[in-house]
Amino acid sequence: MFDGNKSISFDNTDQNIHNQISVGNSNFTVTPWEVEGNIDYNKLIEKFGTHAINDEIIKKIEKITGEVHPFLKNRYFFSHRDLDWVLDEYQKGNKFYLYTGRGPSGLVHLGHLMPWLFTKYLQDKFNVKLIFQITDDEKFLFNDNKDLEAINKFTFENVLDIIAIGFDPVKTTIIINTKHINYLYPLSIEIAKRITFSTAKAVFGFSNSSNIGMIGFPPIQSSPCFLPTIIEKKLTPVLIPAAIDQDPYWRITRDVAEKMGYYKPAQIHSKFIPGLINNEKMSSSKPETAIFTIDEPEKIEKKVKDTFTGGQPTVALQRKLGGNADICPVFWYLKYLFDSEGESIERYANCKGGELLCGECKGDLIKKVKPFMSNIQIKREKAKDMIKEYTIDGQDLDV
Ligand code: TYM
């Protein structure tokens, strides 16, 4: 669901070339503000014009870093643009910057952590700098029901999560749009001047009733793609790890990049982690679908115990028919975050064969996810004294 804002409509527009996708009988929507339906990721690659992560690119990464992160191996990160080029440049000595971000509309959940954990891995392995943008302006403009004060509080809370991930403070810069717009504004107007309203409507689905702040926002998310070239005073590649919902921003940015004398930003796209309720993505605008970083152990335990699974309604049926791990969020979280490859294969087979009951998988997940989140909570506390080390202006945040 679009975060409470009714001014974007996708159902009656012929400019809606990228957003709503129909495959056979299934429809799904992937935009920066709405992810709905049963997503066919191969179809997204085709529709968005990206490239699948293939064995060749994985070998290239392995050659440089000496290993393959499980998120790549199991194709959680499944698509890219120009990742091969970024790796080639890196090997020639032209280091890239990483760029990722957060729109502080609520608390951080497990889904947000996925691209950030991967970004931290890339920062460590490639020893590169990172720009982390907080689009508090976006969340204000695109939400009818959120005032700036509420968003400021989420900015503070979310920054603690980002610092808790453990990014290198020397190599990481957090930019909060409403506070640090001076670093972005000159670039942003250069970008804005090169994008027509017609393109913005086609890519983002804006309509006559969209507020004009929404229409003007996209170049502000594009700007950090070019900032590294200005900071480094030489053409610098940028690689953006994020889920594929953010892709429309990169499409418009890539369109203007070379005309402005910059490299096109490269991307590595992930899938979405499912929520607890059904197969929809985990979303902070639907708190019942999410495990948040600040959830206490008892809350996590209750959420996991109450979650939907791919199991049968009774033990007898589960033993007889087996479960469906493919649609099970519990299996999913264990596979992508906690199980080794071997453990996951075994779990899948035992679930399908009816030997494993949902209660056992839920128990395993509770055992893993509670200490994982407690560790983040300890680091969040420490992060309160570290904010200045990360912000672009070296200032603390007032809350
Ligand atoms: P936001 O706050 O919606 O999401 C932050 C990051 O989390 C990803 N994400 C998910 N990944 C997996 N499973 C999920 N269920 C899930 N939900 C969200 C998003 O793709 C994103 O990577 N406009 C952006 C903020 C932003 C940004 C950026 C993001 C500014 N610059 C550069 C990525 C890269 C936003 O609102 O993200």
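Each ligand, and each atom within it, is numbered from 1 in the order the structure gives. Source: prediction; values computed, not measured.
- A salt bridge does not link K60 with E56: none of the charged nitrogens is closer than 4.0 Å to a carboxylate oxygen.
- Of the protein's non-hydrogen atoms, H112 CD2, 3.6 Å is the one closest to atom 18 (C) of ligand 1.
- In this structure a side-chain-to-backbone donor-acceptor pair under 3.5 Å is present from Y90 to F126.
- Among protein heavy atoms, atom 5 (C) of ligand 1 sits closest to G101 O, 3.5 Å.
- Using a 4.0 Å cut-off between heavy atoms, Q246 contacts ligand 1 through its side chain alone, with no backbone atom that close.
- Atoms of ligand 1 found under 4.0 Å from any heavy atom of P115, numbered from 1 in the order shown, are 7 (O), 8 (C), 22 (O).
- Per-residue contacts place K281 under 4.0 angstrom from the following atoms of ligand 1 (heavy atoms of the residue considered): 15 (N), 17 (N), 18 (C).
- Although no hydrogens or angles enter the test, the distance criterion places a donor-acceptor pair under 3.5 Å between the side chain of T307 and the main chain of L276.
- Heavy-atom proximity to R102, at under 4.0 Å, picks out these atoms of ligand 1: 1 (P), 2 (O), 25 (C), 26 (C).
- Note: the hydrophobic cluster containing I131 also contains Y185 (ILVMFWY, side chain heavy atoms under 4.5 Å, direct or indirect links).
- Legend: ring pair (Phe, Tyr, Trp, His ring centres under 6.0 Å) pairs involving residues 365-399, not counting sequence neighbours, sorted by first then second residue: F338-F372.
- At a 3.5 angstrom cut-off on N or O pairs, Q133 counts as close to ligand 1.
- The single protein non-hydrogen atom nearest to atom 15 (N) of ligand 1 is M282 O, 3.0 Å, given as residue, atom name and distance.
- For ligand 1, the atoms lying closer than 4.0 Å to a non-hydrogen atom of K139 are 36 (O).
- Scanning the protein heavy atoms around atom 35 (C) of ligand 1, the nearest turns out to be G103 N, 3.4 Å.
- Looking at atom 11 (N) of ligand 1, its nearest protein heavy atom turns out to be G111 O, 3.3 Å.
- The shortest N or O to N or O distance between D245 and ligand 1 is below 3.5 Å.
- Near F272, with a cut-off below 4.0 Å to any heavy atom, the atoms of ligand 1 are 12 (C), 13 (N).
- Residue H109 has no N or O atom closer than 3.5 Å to an N or O atom of ligand 1.
- Between H80 and H51, the ring-plane angle classifies as tilted under the 30° and 60° cut-offs.
- For the pair R347 and F331, the NZ or CZ position fails the cation-pi test of under 6.0 Å to the six-membered ring centre and within 45 degrees of the ring normal.
- Between K171 and D168 there is a salt bridge, since a side-chain N of the basic residue sits under 4.0 Å from a carboxylate O of the acidic one.
- Both the backbone and the side chain of T100 come within 4.0 Å of ligand 1, counting heavy atoms alone.
- Between E389 and K382 there is no salt bridge, since no side-chain nitrogen of the basic residue lies less than 4.0 Å from a carboxylate oxygen of the acidic one.
- Remark: ligand 1 and A243 share an N or O pair separated by less than 3.5 Å (distance only, no angle test).
- The shortest separation from a heavy atom of Y76 to ligand 1 is under 4.0 Å, placing the residue in contact.
- Contact annotation for I240 and ligand 1: only side-chain heavy atoms (C-beta onward) come within less than 4.0 Å of the ligand.
- Of all protein heavy atoms, the one lying nearest to atom 22 (O) of ligand 1 is A242 CB, 3.4 Å.
- Neither the backbone nor the side chain of F217 has any atom closer than 4.0 Å to an atom of ligand 1 (non-hydrogen atoms only).
- Less than 4.0 angstrom separates some heavy atom of K271 from each of these atoms of ligand 1: 12 (C).
- Inclusion of W250 in the set of residues having an N or O under 3.5 Å from an N or O of ligand 1 is not warranted.
- Below 30°, between 30° and 60°, or above 60°: for Y76 and Y336 the angle between ring planes is between 30° and 60°, a tilted geometry.
- Between W33 and F206, the ring planes lie tilted relative to each other; the angle falls in the 30° to 60° range.
- No side-chain N or O of Y262 forms a donor-acceptor pair with one of E190 less than 3.5 Å apart.
- Relative orientation of the Y41 and F272 rings is tilted, given thresholds of 30° and 60° on the angle between their planes.
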